[in-house]
Number of protein chains: 2
Amino acid sequence: MKKTDTKKRLLEATLKLISEKGYMGATTREIAQQAGVTELTLFRHFGSKEKLFKELLGSYTFLPRLKELIPELDGLSSREALELIATHFLLTLKERKAMVKIMYSEYTTYPENIREVYNKFILEMRTTMAAYFEGLQRQGMLRKNISPAMTAKMFLWVLFSYFRSEEIMQSTGMKKSIMEKQVREMIDIFMSGTVNNNT
Amino acid sequence: MKKTDTKKRLLEATLKLISEKGYMGATTREIAQQAGVTELTLFRHFGSKEKLFKELLGSYTFLPRLKELIPELDGLSSREALELIATHFLLTLKERKAMVKIMYSEYTTYPENIREVYNKFILEMRTTMAAYFEGLQRQGMLRKNISPAMTAKMFLWVLFSYFRSEEIMQSTGMKKSIMEKQVREMIDIFMSGTVNNNT
DNA sequence: TTTTCATGTAAGCAGGCACTTACATTAGCG
DNA sequence: CGCTAATGTAAGTGCCTGCTTACATGAAAA
């Protein structure tokens, strides 16, 4: 008997359906059916719909690979480094698309602990990036008169909004070649700004 | 008898409750109560919950004041102009906060015509800003090798994300003085970039 | 004054929901 | 084989939801 399997399949089904229909729109019947089990099995495992959802959130790890990535950036130019970070960030979001969608749409309506997961993720990303930018600043590669914190925020905002507009809003999804081109364009603007200096 | 009043109050109550609890979480009973009428009156006016929601969306105008604003920008430096645009944009979002919240969270779950309203709004903002940046580019005030379309997107993404993180996620809301300071910081980075050129 | 029209009161219906109870089945393990 | 533990079948409970029906009220328009 594969006890673990059932629970796992239920959690996956929950993730899928809630990301598609929202917490209130996803019924326990449908979740169970999607997982290939009876509704009763769902309740035997989790007790209630809310506990199921909380366990889904709790079981979730965003494993910010950003930190692991930073040592690899040493030999690269800051432009190359930011491109690499951006690409990895976007791919992580794409992989976790369903959960990202949930956190995005349920944040305001389902206050209890979804906020914790979300805030933790955002905060970790921000501080990691801010630390990286602070390093660049110390090396003289970043303007002295801007704050690493705001720099980090704007970097992530642009990437996240790009992800949302491409992946969540459009059904098509991002094509890799197009994505890389646009990442390059975004990072170019992010680094060099928009103002014309050639005079 | 104030026929118009009742309908208007119902629409306002719908806006408020759906923005707080989502479409599925807001009940017709509660909406009617919030509007100070009987549930029956709600159904006499709108026939069904879905029609009520659609009428809310249809009745809604985002009146993009961006277009009206553009003539006023003539004497200003591009930095001042962008700051003015940004401030107005953020204030519009704040005024329409409830509807913005709805479009944000219900977009993927309530597909039918909420997308139209949202897409129309986004598209209008983007094209207006892109046209403005194209003008700047012709005047030689914007780098030649970046696309006005992407520039416009990034500009709006940063502002929108800022709004979301300040206004929607935190309960406190934006304080005007802090907002102005941060807008200046964001536009500085947006215009001058992040890279250190002083060598 | 009589009519009309927006609203209210009250009761309820049918369906879906989360969740439960009682009992049967199946498969692996000692 | 017999025991245990996970799952299934089936029926149902109580609650809430969107929505309806029948009748009453009250104020403005005729």
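Order of the sequence lines sets the chain letters (A, B, ...), proteins ahead of strands, with each chain counted from 1.
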Between atom [atom1] in [X] and atom [atom2] in [N], what is the gap in whole Å?
| X | N | atom1 | atom2 | answer |
| --- | --- | --- | --- | --- |
| Leu52(A) | dC17(C) | CG | P | 16 Å |
| Ile31(B) | dT17(D) | CD1 | P | 11 Å |
| Phe53(B) | dT17(D) | CZ | P | 18 Å |
| Phe46(B) | dA6(C) | CZ | C1' | 14 Å |
| Arg44(A) | dG8(D) | CZ | C1' | 7 Å |
| Leu17(B) | dT17(D) | CG | P | 12 Å |
| Glu50(A) | dA18(C) | CD | P | 12 Å |
| Ile18(B) | dG18(D) | CD1 | P | 10 Å |

Between [X] and [Y] (salt bridge meaning N to carboxylate O under 4.0 Å), is one present in this structure?
| X | Y | answer |
| --- | --- | --- |
| Lys101(B) | Glu106(B) | no |
| Arg9(B) | Asp5(B) | yes |
| Glu50(A) | Lys54(A) | yes |

Specify the residue among Arg29(A) and Gly47(A) whose closest nucleotide of DNA chain C lies further upstream toward the 5′ end.
->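 Comparing both residues, the 5'-ward one is Arg29(A).
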Please figure out whether Gly36(B) or Glu39(A) has its closest DNA chain C nucleotide nearer the 5' end.
->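 Counting from the 5' end, the first nearest nucleotide belongs to Gly36(B).
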Note the angle between the end axes of the helix from dT1(C)-dA30(D) to dG30(C)-dC1(D), five pairs defining each, rounded to 10 degrees.
->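 About 10°, once rounded to a multiple of 10°.
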Contact class for Ala32(A) vs. all strands (heavy atom < 4.0 Å): base, sugar-phosphate, or nothing?
->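 Here Ala32(A) touches no strand at all.
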Walk me through it: do Phe46(B) and Phe53(B) pass the test ring pair (Phe, Tyr, Trp, His ring centres under 6.0 Å)?
-> CA-CA 9 Å; Phe46(B) 298 99; Phe53(B) 188 41; over 10 Å; no
Check every atom of [options] against the side chain of [X] and return the nucleotide holding the closest atom.
| X | options | result |
| --- | --- | --- |
| Thr38(A) | dG18(D), dT9(D), dA18(C) | dT9(D) |
| Leu40(A) | dT21(C), dT20(D), dA18(C) | dT21(C) |
| Thr27(B) | dA18(C), dG18(D), dT21(C) | dG18(D) |
| Lys49(B) | dC19(D), dG8(C), dA18(C) | dC19(D) |

When you measure from the side-chain N and O atoms of [X] to the phosphate of [N], is any distance below 4.0 Å, counting only OP1 and OP2?
| X | N | result |
| --- | --- | --- |
| Thr6(B) | dT7(C) | yes |
| Thr41(A) | dG8(D) | yes |
| His45(A) | dT7(D) | yes |

Between Lys49(A) and Tyr23(A), is NZ or CZ placed under 6.0 angstrom from the six-membered ring centre and within 45° of the ring axis?
->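 Judged by the rule, Lys49(A) and Tyr23(A) form a cation-pi pair.
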For the residue pair Tyr104(B) and Tyr118(B), categorise the inter-ring angle as parallel (less than 30°), tilted (30 to 60°) or perpendicular (more than 60°).
->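 Rings of Tyr104(B) and Tyr118(B): perpendicular, over 60°.
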Using 30° and 60° as the class limits, which term best fits the ring planes of Phe121(A) and Phe89(A): parallel, tilted or perpendicular?
->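 Answer is parallel, since the angle falls under 30°.
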Check the surroundings of atom NZ in Lys144(B): do more than 12 heavy atoms from other residues, nucleotides or ligands lie under 6.0 Å from it?
->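 For Lys144(B), atom NZ is crowded (more than 12 foreign heavy atoms under 6.0 Å).
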